[in-house]
Amino acid sequence: MATGGADQGIGGRAPLIRFEAVSKRFGAVVAVETLTLDIAQGEFFALLGPSGCGKTTLLRMLAGFETPSEGRIFLGGEDIVPVPPHRRPVNMMFQSYALFPHLTVEGNIAFGLRQENAGREEIHARVAEMLDLTRLQGFGGRKIHQLSGGQRQRVALARSLIKRPRVLLLDEPLAALDKKLRAETQFELMELQRKLGTTFVIVTHDQEEAMIVADRIAVMNQGRLMQVATPTEIYEQPNSRWVADFIGEVTIIEGRTTVPGSVDSALGPLAVADRAAGAGKTLWLALRPEKISMSGHRPAGEKNAVAGTIFEIGYRGETSAYKVRLDDGSLMKVSIANVNARGRAPYAEGDAVWLSWPPDAGIVLTG
Amino acid sequence: MVILLPYLWLAIFFLAPFVIVLKISLSQSVLAQPPYTPVLDLTAGWQGLKEFAAQLSLDSFRLLASDSLYLLSYVKSLQVASISTALLFALGYPIAYGMARAPRAWQPMLVMAVVLPFWTSFLIRIYAWINILQRDGLLNDVLMRLHIIDAPAAWLSSDTAIYIGMVYSYLPFMVLPLYASLEKIDESLLEAASDLGCPSWKAFWLVTFPLSLPGVAAGALLSFIPIVGEFVIPDLLGGSESQMIGQTLWTEFFSNRDWPVASAIAIALLGLLLVPLLFYERLQQRSLEGGRT
């Protein structure tokens with residue numbers, strides 16, 4: 001498991017943020033457990049996990065709202081644990097946005113600069129720059145309650161960026177937006193991050209969002225890091241059953257290696273590309289549904305082919321999700337793109353089908 | 001129909017009594033039953049109504065303006081109400097703030113503690129204060145035992161006693177609206193202020209206090225308005241050198257049996273209180289438009 005401080009793929013660069021054996025307990029509850037993590041300058045980094053996994057606690061420790069029970073947190077080489085939140089060069093965008101209802105859009109955005117006693121001219125210029133950046137020109141004089149959800153989100157973003165923080169913390173920043181707006185905003189966030197070059201750390205429970213926006217993702221569960229890697233690695237090469245199951249859809253088949261390149265399972269011997277797995281050990285084969293082909297008859301020349309009956313079909317528009325009952329009684333998830341103009345795929349529930357996949361589609365997991 | 005209901009309510013419980021009092025204030029005092037004239041007699045028809053209208057006069061209001069006794073009573077009432085409200089605010093804000101910042105689980109109990117005195121009769125509580133404030137009462141006893149004073153001080157029958165009574169009696173009216181507005185403030189707003197570089201003492205003035213202003217206004221008016229018309233507290237705890245308007249009104253009604261003048265005092269008082277009421281109304285309107293959610 002990639003929990004070591006050194007090999008987390010920041011490629012020898014000096015980390016901007018370093019969590020060093022950080023633990024956080026609330027009474028008897030352990031929110032974060034001896035966690036070590038490096039985040040590089042300029043990264044768009046996502047903390048992903050189910051609710052209660054400790055990702056928000058980690059973010060709040062970075063902002064200074066929580067103090068670690070143990071361990072140290074470095075920002076640019078300096079231990080920031082003793083630094084109170086109002087003196088940290090990080091800013092946070094809150095999940096609820098936490099906009100000041102008694103101030104105008106301008107008043108909200110300028111709030112941070114006013115605390116630095118910046119001059120009138122400078123405040124005015126930088127507020128205008130922020131309104132520009134977040135496409136809120138002309139909204140400066142509005143009160144918060146006069147704005148739509150999407151506009152509020154942008155005010156919150158502008159307010160947290162105006163002080164040019166070294167790190168921008170985003171706590172579920174898009175959770176309150178509807179799906180369409182969320183998708184647009186994800187791309188805006190990425191563009192903004194590239195333009196500013198600021199390090200962004202985002203907390204989200206939405207794996208799709210994390211995969212889209214982030215350069216690297218830390219998958220967390222029960223206060224621990226499960227895997228820290230790029231979105232592609234996390235999806236294509238998960239390091240454990242838990243990560244494989246948490247990210248996207250997967251079918252997991254238990255088996256045992258006898259000869260390299262082959263796994264014995266309840267479905268018979270299955271060919272795998274990964275020859276590294278040690279012989280005789282229990283291991284698991286994870287199969288992504290989109291990598292499996294379905295046909296009405298036994299496919300010729302495929303090493304991995306199993307027969308089954310379609311148990312359930314979920315029509316999703318661009319794809320259909322099938323659950324196929326195999327001969328050993330287990331279910332396999334298959335996803336087929338609906339390429340035909342008529343929509344529905346040519347299979348119906350109850351049809352006998354064959355499923356096949358190339359050897360390199362199966363991810364061999366040992367834990 | 002549904003819209004009519006509040007108006008009907010207003011007409012029955014506010015407008016009707018007001019019109020009756022207004023009518024009496026325009027009448028003349030007589031030794032009779034009822035103790036004023038003219039009395040409206042609808043059986044006399046149109047002619048009777050015209051005669052009735054001709055007999056109404058502003059004499060009672062002229063008396064209010066000409067005799068400084070009344071003016072002084074009004075001034076005294078406003079003075080007592082202003083100072084009491086200021087004292088209530090100074091005492092009530094920290095209490096409400098403490099309640100709002102207390103652990104969630106404690107808060108219902110703290111609210112209960114503020115409301116608890118209401119379980120005892122108001123009159124009994126004021127009598128209890130007479131007991132505490134009198135020459136050989138609890139207050140002098142404690143102060144002398146602590147050697148803060150050497151001889152018993154005269155607390156009762158003074159303005160100090162009135163202020164003690166007012167602050168004691170109206171504290172819940174100040175604390176509860178303040179608590180309600182402070183308790184509503186989202187904790188994350190203070191975190192946001194702190195995140196943006198604002199130390200917590202400053203965040204109080206930049207965030208907490210402005211957001212509690214509706215509560216400040218509500219608390220101040222809920223105290224100020226009844227205190228202006230307060231009768232029992234100044235009558236039982238205060239001295240006799242100057243009267244609040246409630247006492248003057250009482251004297252006119254029950255000692256002098258001059259219902260028209262008493263009614264005129266009441267009408268003028270209402271006019272006086274209309275100013276802060278309209279102010280409050282405007283503030284409410286503004287906070288509604290502000291849409292604090």
Side-chain angles (χ1 to χ4, degrees), chain A residues 56 59-66 83-104 107-118 123 130 142-147 149 152 155-165 167-172, chain B residues 89 93 96-97 100-106 177-220 279-293:
Chain A
T56 301
L59 197 76
R60 289 173 60 81
M61 285 196 281
L62 212 43
F65 301 135
E66 309 287 355
V83 182
H86 68 270
R87 297 234 178 81
R88 294 193 185 191
V90 300
N91 284 129
M92 175 142 151
M93 190 188 148
F94 291 79
Q95 179 171 11
S96 63
Y97 306 149
L99 296 172
F100 304 122
H102 58 299
L103 299 179
T104 59
N108 267 280
I109 297 177
F111 194 93
L113 281 188
R114 295 228 162 94
Q115 305 318 309
E116 292 178 344
N117 296 320
I123 290 178
M130 280 300 141
R142 299 258 186 117
K143 282 283 189 115
I144 299 308
H145 67 92
Q146 295 170 311
L147 302 179
R152 284 176 206 207
V155 176
L157 192 60
R159 187 182 69 175
S160 56
L161 279 172
I162 197 163
K163 291 182 80 173
R164 297 176 185 148
V167 182
L168 178 70
L169 309 173
L170 304 119
D171 184 9
E172 304 269 7
Chain B
F89 173 72
Y93 202 97
Y97 186 78
R101 289 326 268 313
R104 279 262 156 234
W106 293 17
L178 279 175
Y179 166 73
S181 70
L182 283 167
E183 182 263 343
K184 261 198 322 215
I185 297 175
D186 186 355
E187 193 80 25
S188 69
L189 292 179
L190 295 174
E191 287 189 347
S194 157
D195 185 66
L196 292 164
C198 187
S200 51
W201 63 268
K202 206 171 160 197
F204 173 82
W205 290 110
L206 291 179
V207 179
T208 309
F209 189 71
L211 287 176
S212 70
L213 279 177
V216 174
F279 173 73
Y280 179 62
E281 182 72 20
R282 249 194 52 193
L283 226 111
Q284 282 252 303
Q285 201 70 33
R286 251 186 40 195
S287 83
L288 270 184
E289 281 165 14
R292 300 197 201 290
T293 47

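Small disclaimer: the values here were computed from a predicted structure and weren't measured. A note on names: the letters A, B, ... follow the listed sequences, proteins ahead of strands, and every chain is numbered from 1.
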> Side chain, backbone, both or neither: which part of A/I162 has an atom under 4.5 Å from a heavy atom of chain B?
Replying inline: neither
> What part of B/A203 gets closer than 4.5 Å to chain A, counting heavy atoms only: side chain, backbone, both or neither?
Replying inline: neither
> Looking at A/A98, A/G64, A/S96, which makes the most heavy-atom pairs under 4.5 Å with chain B?
Replying inline: A/A98
> Taking the side chain as C-beta and beyond, is there a heavy-atom pair between A/L169 and A/N91 under 4.5 Å?
Replying inline: no
>> Between A/F100 and A/I144, is there a side-chain heavy-atom distance shorter than 4.5 Å?
In response: no
>> Can you tell me which portion of A/F94 sits under 4.5 Å from chain B's heavy atoms? Options are side chain, backbone, both or neither.
In response: side chain
>> Parallel, tilted or perpendicular, judged at 30° and 60°: which one describes the rings of B/F204 and B/Y97?
In response: perpendicular
>> What part of B/D195 gets within 4.5 angstrom of chain A, counting heavy atoms only: side chain, backbone, both, or neither?
In response: both
> Is it the side chain or the backbone of B/L190 that comes within 4.5 Å of chain A heavy atoms, both, or neither?
Replying inline: neither
> Is there side-chain contact between A/P101 and B/L189, with at least one heavy-atom pair below 4.5 Å?
Replying inline: yes
> Checking A/R159 against chain B: side chain, backbone, both or neither under 4.5 Å from a heavy atom?
Replying inline: both
>> Strictly below 4.0 Å, N to O, side chains only: are B/E183 and B/R104 in salt-bridge contact?
In response: yes
>> Is there a side-chain contact between B/E191 and A/M92 in this structure, where contact means two heavy atoms from C-beta onward sitting under 4.5 Å apart?
In response: no
